[in-house]
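Reviewing the structure listed below.
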Amino acid sequence: MNPIPALKFVGRVALQNILRNRGIALASVLTITLTLLGAGVAVVVVHALDGVLHTEESQASVLKVFMADHVGFASEVNLEQTLGHQAAVAKATFENKDQAAQQAGSSLGLTQAINLLEKSGAGNPLPASLNFHLRNIKAVSELNREVRTSALLDSGPHPTDYNADVIPRLERYIFVAQLGGGLVVGVVGAVALVIITISVRTAAYVRRQEIEIMKLVGATDWFVRWPFVVEGVIVGVISALVASVILLGVGVGFGGGHSLALGVGVRFAALIVLCLIVAGGALGSVGSFVGVRRSLGT
Amino acid sequence: MSISTSPPAPVVMTGAGSTELSRSEPPIIVFEKVTKIYANGQAAIRDASFTVRPRDFVFVVGASGAGKSTVIRLLIREERATQGHVLVEGQDLARLKHRHLPRLRRKMGIVFQDFKLLPNLTVEQNVAFAIQVTDPGRPHLKEKVGEALYIVGLEDKLSAFPTELSGGEQQRVAIARALVHRPRIFLADEPTGNLDPDAGWGIVQLLQQINHRGATVVMATHNREVVDLCRRRVLAIEDGRIVRDEAEGAYLRDGDAIL
Ligand SMILES: Nc1ncnc2c1ncn2[C@@H]1O[C@H](COP(=O)(O)OP(=O)(O)O)[C@@H](O)[C@H]1O
Ligand SMILES: [Mg+2]
């Protein structure tokens, strides 16, 4: 069989189907657009939430390693370099005793107490520290375990410090947000699939005479099925484009006309549009495949 | 192959002669103790056995509900036999895989009482449809469609729509569409059922002509006049059973017909 006339035939019948059943096609575009919009909004919201959580996470993902006072600069640099080269470490900074005092003074209001201690000759009680900024919140406790074996550490009861309590809570938030978003996308996808299946089944019913004749004169399942699959893909992709335009329009609207709302970048927006098109096409083809099966009697 | 637009050889021009010739060939259709019980428990064919030789012309006759259409449906494998075997060209249809169904259907021309034309396509497009959905790249599509319409005598109605044609003409379009694959077997289920006697007779003559050109024809009918005029082979069905099989039969048993 020559593929080019076959493809022409399939494309022509698919377009004819859409035009002939304009009402059904329009209704499916509408509903699939709505469902894809739901999915798109869910993805954007989860993404934005994820962004917020990641900012929080990166702020929380700091491991402070307090140095014993006797440790020399070379040893500190050595420790900083061995640990700082690990993949999980984004950045390592050194905070000396004076900076620590300043930090404690400004953030805790202990300036007077520290001044008093220094004046009394006891010196600055705050240790110098190496601060490791980690890429991933889970890596913090691992690095902590590793670094605690070092002899260079402050001998106090808390030789290292990190936000132990905030970490699991953030992880839980991220998990819930991802789960919720995934659930929305899944449900919405299932709804769209059902809608396409029903609409193709309706289209196949409208064309039942044609399908009957096709089978009678010896057309293969391929010829019966593919116009519907192509029709489904066309409807799905059109829906995706409409949903994308609406999504982008609303995004620009809320973003004040210059940029997109919720900190969505151009690349992420393009990715969403691409995903919607792929999802629309996939929904359309799978729905059609299922929808036309009854007509084929397989 | 069997049907061609070039003048047929003299030996297949006469129906009687072809029957003689086909005696030595294996049967093209075999029903072997076939029983068909529909899903609702209705038995439509009961233990039916018969064979059809190549180039035979067979009337399947019987009252409404006797099981004539079921015979046709079993032959195109729209239905499967519940028991027994249906063979077409030696192929047991029970063992035919779904994906090989199109191959079977392309060997057959099939027409029905209700023509089954697509109302929004012209005569030419209706006939071309059969090629487009099976072999869209086939060369000389227009010529082949023209040939088929020439055989049925509608070469001057190419761009008419089915609603602009008489019943007889519509059935001719359906026959032309069934001819484009040059079928070796031609099946007709009550093809004259919706037609006035003249148009019906025209269709039967056309089927005889197709038979003369070499195709095996099986026509299910309860049109008594036609069967009696033709004097071809008659298979009579009553309540799913083959009750009579005569080489040059009438609609009713010859004895009954006199009454
Ligand atoms: N799809 C079906 N389901 C159940 N019963 C059927 C079906 N088709 C036909 N029948 C029954 O089978 C019997 C034979 O039907 P059919 O072959 O159509 O007879 P005919 O064509 O001689 O009028 C009838 O009693 C009819 O009611
Ligand atoms: Mg019938």
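Below, chain A is the first sequence line, B the second, and so on; all start at residue 1.
Side-chain atoms of B:E78 do not come within 3.5 Å of backbone N or O of A:L216 as any donor-acceptor pair. A donor-acceptor pair is defined here as one N or O able to donate and one able to accept, closer than 3.5 Å; such a pair exists between the side chain of B:R106 and the backbone of A:G218.
When side chains are defined from C-beta on, B:L118 counts as touching A:Q209, because their heavy atoms get closer than 4.5 Å. Using a 4.5 Å cut-off on side-chain heavy atoms (C-beta onward), A:K215 and B:L101 make no contact. Between B:R177 and A:I213 the shortest side-chain heavy-atom distance falls below 4.5 Å. Put simply, the side chain of B:P102 does not reach to within 4.5 Å of the side chain of A:F223, judged on heavy atoms. Looking only at side-chain heavy atoms (C-beta outward), B:Q132 and A:M214 stay at 4.5 Å or farther from each other.
A:A219 approaches B:V133 most closely through the heavy-atom pair CB-O, 3.2 Å.
At a 4.5 Å heavy-atom cutoff, B:P139 makes no contact with chain A through either its backbone or its side chain. Only the backbone of B:L117 comes within contact range of chain A, with heavy atoms under 4.5 Å apart.
No more than 12 heavy atoms of other residues, nucleotides or ligands sit less than 6.0 Å from atom NZ of B:K157. The environment of OH in B:Y38 is crowded: more than 12 heavy-atom neighbours from other residues, nucleotides or ligands sit within 6.0 Å. Annotation for A:R208: atom CZ counts as buried by contact number, over 12 foreign heavy atoms lying within 6.0 Å.
Heavy-atom pairs under 4.5 Å with chain A peak, among B:R138, B:R105, B:R99, B:R103, at B:R105.
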